[in-house]
Amino acid sequence: MSSAPNGLSPHPIVQAPMAGGASCPPLAAAVSEAGGLGFLAGGYKTADGMYQEIKQLRALTRRPFGVNLFMPQSGSVDQAAVETYRGQLAGEAGWYGISLAADDTLGTCDDGYEAKLALLIEDPVPVVSFTFGHPAPEALARLRRAGTWTVVTVTSVEEARAAREAGADALCVQGSEAGGHQGTHRDDPQTDGTAAVGLLSLVTQVREAVPLPIIAAGGVMRGSQIAALLAAGADAAQLGTAFLTCPESGADPLHKAALTDPLFVRTELTRAFSGRPARGLVNRFMREHGPYAPAAYPQVHHLTSGLRKAAAAAGDPQGMALWAGQGHRLARTLPAGKLVEVLAAELAETRGAPENNQMRSTS
């Protein structure tokens, strides 16, 4: 079994890579400087855009950090369903005074994966994680030879086994409570709302089935929850929503405010904004369009991009993708470094010992 670089992070706290701007260099640097593991999100960026953020982060910290990549999407998309959804969104476009993206501008399905992977092999970073699948064994081997620790996001025991067989060094085990996209390796609309498993149960299942280090993700907001996950067999916990409200976060101020706004009382999984199941705060857009959104990622993501930007510019959170985990009401507006310190103190208190809980790299 491969091990993480020695001293990956003093605390078993990982800041989730949140695509769309939230996981920016200042946030990742603050987390790493405080003894956690900060992450950049490579998704939705060009290879050069990702590289520029890596350079910015390196200028802010010498501590280890990670970069996340989206795996290319395979399978056919029902273009007729996408066009039908476009028609349904025409009223939204008229309301915000914009035009929806044309068919030929809906983007490719690979998110520039090969160029980003080549860059990370040529100029390695300490950790690279993957979402929506796992790379080919040779790609993982090349990253390992470059000195990079690889992590694959999984949502089931079956996906965890496949990641191990491909040669991943560790697993990010994502429970159904997680905000943003479910990192399933295969998007099957027939299983919407039925296949997702809660984090504590999933960590236990994966720990007993696959001998790889586990980073547990999904609805984690307190150090006491981290303690429970470590007791269940995880080696670290990954938090996204908890870091969204930090001043260093690149999330839109409207998004930050919505997390604790009593107007938004719950979260749901929806395809409304991207065409793939993702958990967010229930708002008008989700209620009106979620039931009709096709399984078409990333086409729907690109189709709604202009609408989401226009809603943010208009100060209208009811038209934005307000990604959030189930624990969003527990969000604390603290500087990222302070939040890591508070979480570590809560973890130590829950475990009954003030020792430095360094992330384990083997199991």
Side-chain angles (χ1 to χ4, degrees), residues 4-5 7-11 13-70 111-113 115-131 143 146-151 153 172 179-181 215 217 236-256 259 309 312 321 323 331-344 359:
L8 186 61
S9 66
H11 301 305
I13 297 169
V14 179
Q15 165 249 311
M18 297 170 281
S23 296
C24 55
L27 177 63
V31 171
S32 290
E33 284 292 303
L37 181 66
F39 251 94
L40 295 175
Y44 306 139
K45 295 183 177 72
T46 63
D48 183 66
M50 181 190 74
Y51 183 57
Q52 294 306 316
E53 287 205 345
I54 292 172
K55 290 201 298 184
Q56 292 172 37
L57 180 51
R58 284 172 170 159
L60 296 172
T61 183
R62 294 185 177 181
R63 299 281 184 96
F65 64 89
V67 176
N68 175 261
L69 298 184
F70 286 169
D111 197 48
Y113 170 77
K116 294 173 186 176
L117 180 64
L119 189 154
L120 291 170
I121 291 172
E122 179 180 349
D123 190 359
V125 300
V127 184
V128 174
S129 69
F130 300 89
T131 301
L143 285 166
T148 295
W149 200 55
T150 58
V151 183
T153 303
C172 177
H181 284 101
I215 300 172
Q238 179 171 285
L239 296 78
T241 304
F243 285 104
L244 273 179
T245 53
C246 295
E248 299 93 339
S249 160
D252 189 283
L254 292 171
H255 190 171
K256 295 183 180 185
L259 294 173
K309 292 176 182 177
W323 303 136
R332 298 177 281 202
T333 305
L334 296 171
K338 180 63 177 178
L339 180 55
V340 172
E341 293 177 10
V342 170
L343 289 165
M359 186 192 299

- Message: Classify the ring geometry of Phe70 against His181: parallel below 30°, tilted from 30° to 60°, perpendicular beyond 60°.
- Response: perpendicular
- Give the minimum heavy-atom separation between Ala115 and Ala47, together with the two atoms involved. CB-CB, 3.8 Å
- Reported NE2-to-OG distance for the pair His255 and Ser249, which is rounded to 0.5 angstrom: 8.5 Å
- Message: Taking Ala336's backbone N and O only, do any of them form a donor-acceptor pair with Glu248's side chain (distance below 3.5 Å, no angle check)?
- Response: yes
- Is any side-chain heavy atom of Leu69 less than 4.5 Å from a side-chain heavy atom of Asp111? no
- Task: Kindly indicate whether the side chain of Leu37, heavy atoms from C-beta on, has any atom under 4.5 Å from the side chain of Val31.
- Result: no
- Note on the structure: Minimal heavy-atom distance between Pro10 and Gly35, with the atoms involved, is CD-O, 3.2 Å
- Atom pair CG (Leu239) and CD1 (Ile215), whose distance is rounded to the nearest 0.5 Å: 11.5 Å
- Message: Show the nearest heavy-atom pair for residues Cys246 and Leu334, with the distance to one decimal.
- Response: SG-O, 3.2 Å
- Item | Minimal non-hydrogen separation, Phe39 against Ala16, with atom names | CB-C, 4.3 Å
- Item | Separation between OG of Ser9 and CZ of Phe65, rounded to the nearest 0.5 Å | 14.0 Å
- Query: Taking all non-hydrogen atoms of both residues, which atom of His11 and which atom of Ala34 are closest, and how far apart?
  - Reply: CD2-O, 3.5 Å
- So CG of Asp48 and CD of Glu53: to nearest 0.5 Å the spacing works out to 11.0 Å
- Which pair of non-hydrogen atoms, one from Ala312 and one from Asp252, has the smallest distance, and what is that distance? CB-OD2, 3.8 Å
- Message: Do Val67 and Lys116 have side chains that approach each other closer than 4.5 Å (heavy atoms only, starting at C-beta)?
- Response: no
- Message: With rounding to the nearest 0.5 angstrom, report the CG to CE distance, Leu40 to Met50.
- Response: 9.0 Å
- Give a yes or no on whether the backbone of Ala41 and the side-chain of Asn68 come within a donor-acceptor separation of less than 3.5 Å. no
- Side-chain (Thr148) to main-chain (Val125) donor-acceptor, under 3.5 angstrom: yes
- Message: Measuring only between side-chain heavy atoms, which start at C-beta, is Gln238 closer than 4.5 Å to Pro17?
- Response: yes
- Message: I want to check something: taking the side chain as every heavy atom from C-beta on, are Leu339 and Ile13 in contact at a cut-off of under 4.5 Å?
- Response: no
- For residues Val340 and Phe243, determine if any side-chain heavy atom of one lies less than 4.5 Å from a side-chain heavy atom of the other. yes
- Item | Inter-residue atom distance Ser32.OG - Leu27.CG, 0.5 Å rounding | 9.5 Å
